[in-house]
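Heads up: the structure comes next, in structure tokens.
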Amino acid sequence: MLQRVAVVGAGAAGLCTARHILSRPGHFAPPVVFELSENVGGTWCYDERVGKLDNGLPVHSSMYRDLRTNLPKEVMMFPDFPFDPQLSSFLPHQEVQRYLERYCQSHGIEPHIRFNTVVERVKPVVVTAEGEVEERTTWEVTSSDSSGHQKTETFDSVFICSGHYSDPHIPHIPGIENFKGKVLHSHSYRFAEPFTGQSVVVLGAKASGLDISLELANVGAQVTLSHRRPRLTFPLPAGIQQSSSVEAVEDDGRIRFQDGSVTEADVLMFCTGYNFRFKFLDAAQLGLDIQDQMMSPLYRFMVPPAFPSLFFIGICKIICPFPNFNCQVQFALAVLEGSVTLPSRVQMEDEVRRELQEKLERGVQHRHLLILDQDQWEYCNTLARSAGFPLLPPVVRSLYEEVWRQRQIHPKNYRKLNYRLISDLQWELIN
Ligand code: FAD
């Protein structure tokens, strides 16, 4: 019998899941993709609105108006689906959205998406069918459409592709209630003009913190880029100064930094990342511990050992997202098809525990345990080897690493470069 798969979300991860399911008609029925908005693309579907929508749901996308990708299209693409070759390497977000729409159309995914349909609950049901000895898990997925009509359906497996850049992580700052200016998170930042002439303390100097600081400085804001990383060594443009992390807000509303200095500011902008939130899951029931920036145990960063027919796609951080999703999905489908056999629950739990322990012993902070970074290539290749699909071409890694190097040296200008892939092994800089 064909397996029925539910996919939560029609962003890049959900589309990739649907695409691979549809290419295996011998094993799977067409998927049911639930998408709470009226569009595909998820993060890449820019929405100028902030806060809650008319339907009571919060805005999902954290995209800002002038964002250009921080990876070149040659590396960002799904390995089997190139971007338009006429485009430059670093793209405005609209081009990524167009790319995902084209991906959806080319693979005939759209008829399988239920738009404006929110997944409210995903619940495992353990059954023993008549005449069978072994227990089997099926999944009840409860969703509601735009007219509020609720429905519960049963699936053999579920892919969670709901993204994790929507629920702002805001660290506690003692005395924050004394701050007299505006407080916002990068999730609600759209463009820089309203901040012209203002003094803005930006907390966090990762991708968004740095990008937004550059945008703000460009329109004449005075930016204090506060972070706990080693001091950035590349030249920052006029209008941006670095400082240590924010320690507290004083009684008079001034911001105090760790080095003891204090400043007044009009705006406090948190670029402090996002929390994992899956309102539709009961983590304890699934044997998962989901904290703000960490969730565990997930075998191969995907599978809760207690429920190996549930898959989380795209949970890792500091990765090359689309190629990573493409590997995870193919591995997960190989598990469902039976061509990959997962270890026992106990073995999977042990392996996850061992891996995390090793990372902690290497000094990795608990909230950074899902960062793959250098390990992402071996991770993808391990999935590919065990499930028997093509490895990522080595050129993806070498160009990705070159771009990271350029980003460290020229954070303002690295996006002006253009690259071309020559072969699976080589790329060249074209201008
Ligand atoms: P999302 O794109 O978030 O999609 C999740 C989908 O699930 C959404 O459509 C949402 O509506 C839907 N959904 C959520 N909950 C439910 C529910 N309960 N029921 C039904 N539907 C639901 N990556 C790059 O490769 N290059 C970049 O340059 C880059 N820049 C980025 C810049 C920003 C500001 C951000 C936030 C991310 C950036 N990323 C970048 C990472 C980006 O998030 C990934 O590339 C990718 O788009 C994530 O896809 P996803 O499908 O996992 O999640």
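Both ligands and their constituent atoms are indexed starting at 1 by order of listing. For the single chain, residues carry numbers from 1 onward in sequence order.
Annotation for Gln105: atom CD does not count as buried by contact number, only 12 or fewer foreign heavy atoms lying within 6.0 Å.
Considering backbone and side-chain atoms together, Asn70 places an N or O closer than 3.5 Å to an N or O of ligand 1. Residue Val118 has no N or O atom closer than 3.5 Å to an N or O atom of ligand 1. Considering backbone and side-chain N/O of Val119, one or more are found under 3.5 Å from N/O of ligand 1. Backbone and side-chain nitrogen or oxygen atoms of Thr69 are examined, and none is located within less than 3.5 angstrom of a nitrogen or oxygen of ligand 1. In terms of N/O distances under 3.5 Å, ligand 1 is not approached by Pro321. Residue Glu35 has at least one N or O atom closer than 3.5 Å to an N or O atom of ligand 1.
Taking the six-membered ring for Trp, Phe159 and Phe312 have ring centres at least 6.0 Å apart. In this structure, the ring of Tyr274 has its center no less than 6.0 angstrom from the ring center of His169. Annotation: Tyr99 is not in aromatic contact with Trp44 [ring centroid separation under 6.0 Å not met]. Ring pair Phe81/His107: centre-to-centre distance below 6.0 Å. Taking the six-membered ring for Trp and the full ring otherwise, the centers of Trp139 and Phe155 sit at least 6.0 Å from each other.
Across Phe311 and Ala332, no two heavy atoms sit closer than the pair CD2-CB, 3.4 Å.
With atom 41 (C) of ligand 1 as the reference point, the heavy atom nearest to it among Phe280, Tyr165, Phe278 is part of Tyr165. Closest heavy-atom approach to atom 31 (C) of ligand 1 within the set Phe325, Phe115, Trp44: this belongs to Trp44. Which of Leu67, Val8, Val59 comes nearest to atom 32 (C) of ligand 1 through a heavy atom is settled by distance: it is Leu67.
Proximity of Cys161 to ligand 1, defined as any heavy-atom pair under 4.0 Å, is confined to the backbone N, CA, C and O atoms. Of all the heavy atoms of Val96, none lies under 4.0 Å from any atom of ligand 1, so neither backbone nor side chain is involved.
Proximity to Ala12 (heavy-atom distance under 4.0 Å) selects the following atoms of ligand 1: 49 (O), 51 (O).
With a 6.0 Å cutoff to the six-membered ring centre and a 45° limit on the axis angle, Arg68 does not count as a cation-pi contact of Phe90.
In this structure, atom 3 (O) of ligand 1 lies nearest to the protein heavy atom His60 NE2, 2.6 Å. Scanning the protein for heavy atoms near atom 22 (C) of ligand 1, the closest one is Leu36 CD2, 3.5 Å. Ranking protein heavy atoms by distance to atom 37 (C) of ligand 1, first place goes to Thr43 CG2, 3.8 Å.
A salt bridge is absent between Arg362 and Glu358: the closest approach of a Lys/Arg side-chain nitrogen to an acidic carboxylate oxygen does not fall below 4.0 angstrom. Note on Arg420 versus Glu428: salt bridge recorded, some NZ/NE/NH1/NH2 to OD/OE distance being below 4.0 Å.
Not a single heavy atom of Leu100 sits closer than 4.0 Å to an atom of ligand 1. The closest approach between any non-hydrogen atom of Tyr274 and ligand 1 is not below 4.0 Å. Ligand 1 lies nowhere less than 4.0 angstrom from a heavy atom belonging to Gly314.
The stretch residues 193-208 participates, sequence neighbours left out, in these salt bridge (Lys or Arg N to Asp or Glu O under 4.0 Å) pairs: Arg65-Glu193.
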